[in-house]
Structures are given as C-alpha cells and as structure tokens.
Amino acid sequence: MSNSNPIAPPLPVVETIAKAVEFVWRGRNEFLTLAFPAVLVLSVLNTAFARLLLPEGAAELASDAERLEQVVRAGILPLILMIVPFCFFWTTFAIGWHRRYLLPKEMQSVGQILTWRTRHTRFLLYAAGLTLIVVAVLVVGASIAAFAPVLLVLALAAAVVVYGRLSQVLPSAAIDHALTFGESWALTRGQTSRLFAVIVATWFPTAVIIAVLQEILALSLGNSQTLMALFVRAFVGNLMGYLGVAIGVSVLSSIYDHLRVGRSPSVDLKVF
C-alpha cells in the first residue's frame, strides 16, 4: 500500500456500530436465508454427536479411565469432527455477508454463496493467521500477567488492539482486494482507540445478549435430553451464533468501507 494514500477521517464509533446493527436488521430476511443451511446442518450434527457420543448413564461410570474416555468422546471428538463443516459454513457465510455489505450491486444465490472458490481459501487462511496472532498475544500477555495479575487486563486490551489493526484483511479478502497484514496495519493507522472502542462495544453486548437468550432457552427446556430438546438447543444456539457473526462481519465491513475513503480501488463500484 502506498504511503501517499490519504488517511481516512476518524472512525465514528457510535455511527459505525449503529450502521452495522441497522444493516443486519434491514437484511434480516436475507440473513435467515443465508444462515439457514449452516444452522440446520450444524444443528443436526450437534444433535447427532450429543446423542451418539454421550449415552445415558455417563455420569455413573465407575472408573476414572471410563470418565476420561467419555470426556474425550463427548467433548474433543465432536470438536474434531465439526472442524470441517464449521469452517466451510463460517467462511461461506462471512464472505457472503461481507460482499452483501461492500458490493450491494452483486446478486448471488445461496448456491453461489455456498460454492467454494479461491477467495474462500484465502479468507480462511487469513482468519486462521489472525487467530494465531491474537492467541500468541494472549499467551505472551498471560505469561507476563502470571507475575502481575493486574496486567491481564492490558494483555486482553493488547489482543483486541492487534485484532482491530489486522482485521481488515478479512473484508479485503472477501471482495478480492487482498490486503496483507502489513497493509491492514497501515490502513488502520491513527484509528487504534476508535477501533478498540467499536470492537469492545460490539463484542461485549452481543456476547451477553446471546448468553442470556441461550440461558433462558436452557431453563425453559430444563435438563431434557430428548432428541427434540437437543435439536432445539443446538438450532437456537447456532442461530444466535450466526447472528453474532453477521453483526461482527457488518462491523468489519463498515470499518473497511470507511477506511477506504479516498483510496483505490473503491469498494462500492465494482462487482466481482
């Protein structure tokens, strides 16, 4: 990225969040259409794993070895088996929603959105790289905080800052602009505190609302382990999860749209 490109004006924190939430609300029908295949497939898999890998009477196992085996079967094994479908649906949904925000003239069917392309592989690799970088910051920060627990807050803040500064690789990859991590860092120069505020003010309320709704659902269903109860919990949980993804993607798209002001190429004219 050329240093001659102008720096975007200060990111409006409240307006950015409001635009993202409004975008999801206005596109609620499109959200349900796009998210439904992912939510349905993942919910069926979640239900199947819960029923097949966690048989009744698991809590009454006699030996520690049996309990350990049950933990592996009920926790680690489903996680491993869910990696591929989760990554597929998360990537296709995120890219589809990014493009809906940044390329409003583009009209794609659900089938086209669910078709894996080169951009999906690039996007997934960037997401994995970003995750590893943020995790590394957290691990280093937690190691330091072990000697001074008060520093844990700073470690968490540092992770959010690094995520915010590097996250623009995601909307960029979704619309084939292909920013590097270094270019994302340069693009977000001068916006650190505002990015931090937008991300925290989006993540925290969204996580709390989703957690509360899921807790209400769990209480309403009690401890029922029937097939229908397991499916309903999984379906609502996945739906809430994808709603959070839609809001997060909309926030990143709104930030990218703002930061690209006065830069080339423009994100609002060309349909790929």
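A quick note: this is a predicted structure, and the numbers were derived from the prediction, not measured.
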For Phe181, what residues pass the ring-ring contact (aromatic ring centres under 6.0 Å, His included) criterion, not counting sequence neighbours? Tyr126
Is Val39 reachable from Met228 through a run of I, L, V, M, F, W or Y residues, each pair having side-chain heavy atoms under 4.5 Å apart? yes
CD of Gln168 to NE2 of His177, rounded to nearest 0.5 Å, is 12.5 Å
Please identify each residue that fulfils side chain to side chain donor-acceptor pair (under 3.5 Å) with Thr121, with sequence neighbours left out. Trp116
Quick check: do Thr226 and Leu230 have side-chain heavy atoms less than 4.5 Å from each other? no
Checking Ser172 side chain against Leu179 main chain: does a donor-acceptor pair fall under 3.5 Å? yes
With sequence neighbours excluded, give me every salt bridge (Lys or Arg N to Asp or Glu O under 4.0 Å) pair touching residues 121-136. Arg122-Asp176
Is the shortest side-chain heavy-atom distance between Ile255 and Leu195 below 4.5 Å? yes
Output for pair (Ser109 OG, Ile113 CD1), nearest 0.5 Å, gives 7.0 Å
Can you give each donor-acceptor pair under 3.5 Å made by side-chain atoms of residues 9-37, sequence neighbours left out, with the distance rounded to 0.1 Å?
residue, atom, partner, partner atom, Å
Thr16, OG1, Pro12, O, 2.6
Arg28, NH1, Trp25, O, 2.7
Thr33, OG1, Asn29, O, 3.0

With Phe86, which residues qualify under side chain to side chain contact (heavy atoms under 4.5 Å, CB included), at least two apart? Trp90
Is a side-chain N or O of Thr206 found less than 3.5 angstrom from the main chain of Thr202, in a donor-acceptor match? yes
Measure the CD1-OG distance between Ile199 and Ser167 for me, rounded to the nearest 0.5 Å. 5.0 Å
Under the rule for side chain to side chain contact (heavy atoms under 4.5 Å, CB included), what residues qualify as partners of Val212, not counting sequence neighbours? Val208, Ile216
Out of curiosity, His120 NE2 to Leu114 CG, how far, rounded to the nearest 0.5 Å? 8.0 Å
Side-chain heavy atoms under 4.5 angstrom apart, residues restricted to Ile, Leu, Val, Met, Phe, Trp, Tyr: same cluster for Leu42 and Val44? yes
Between CH2 on residue Trp97 and OG on residue Ser250, distance to nearest 0.5 Å: 6.0 Å
Side-chain atoms of residues 156-166: list all donor-acceptor pairs with protein atoms under 3.5 Å, sequence neighbours left out, distances to 0.1 Å.
residue, atom, partner, partner atom, Å
Arg165, NE, Thr188, OG1, 2.5
Arg165, NH1, Thr192, OG1, 3.1
Arg165, NH2, Trp185, O, 2.6

Examine Phe89 together with Phe93 and report whether their ring centres are nearer than 6.0 Å. no
In short, side chain to side chain donor-acceptor pair (under 3.5 Å) pairs touching residues 147-161 with sequence neighbours left out are none
Tyr242: side chain to side chain donor-acceptor pair (under 3.5 Å) partners, not counting sequence neighbours: none
Using the rule that Ile, Leu, Val, Met, Phe, Trp and Tyr join whenever any side-chain heavy atoms are under 4.5 Å apart, tell me whether Phe235 and Ile209 fall into a single cluster. yes
Compile the donor-acceptor pairs under 3.5 Å between side chains in residues 128-145 and protein atoms, sequence neighbours left out, one pair per line.
residue, atom, partner, partner atom, Å
Thr131, OG1, Ala127, O, 2.8
Ser143, OG, Val139, O, 2.8

With Leu227, which residues qualify under side chain to side chain contact (heavy atoms under 4.5 Å, CB included), at least two apart? Thr47, Arg51
Between the CG atom in Leu170 and the CD1 atom in Ile175, the distance rounded to the nearest 0.5 Å is 12.0 Å
Of all heavy-atom pairs linking Met107 and Gln112, the shortest is O-OE1, 4.0 Å
Residues in side chain to side chain donor-acceptor pair (under 3.5 Å) with Asn238, at least two apart? Ser43, Asn46
Any donor-acceptor N or O pair under 3.5 Å, side chains His98, Tyr256: no
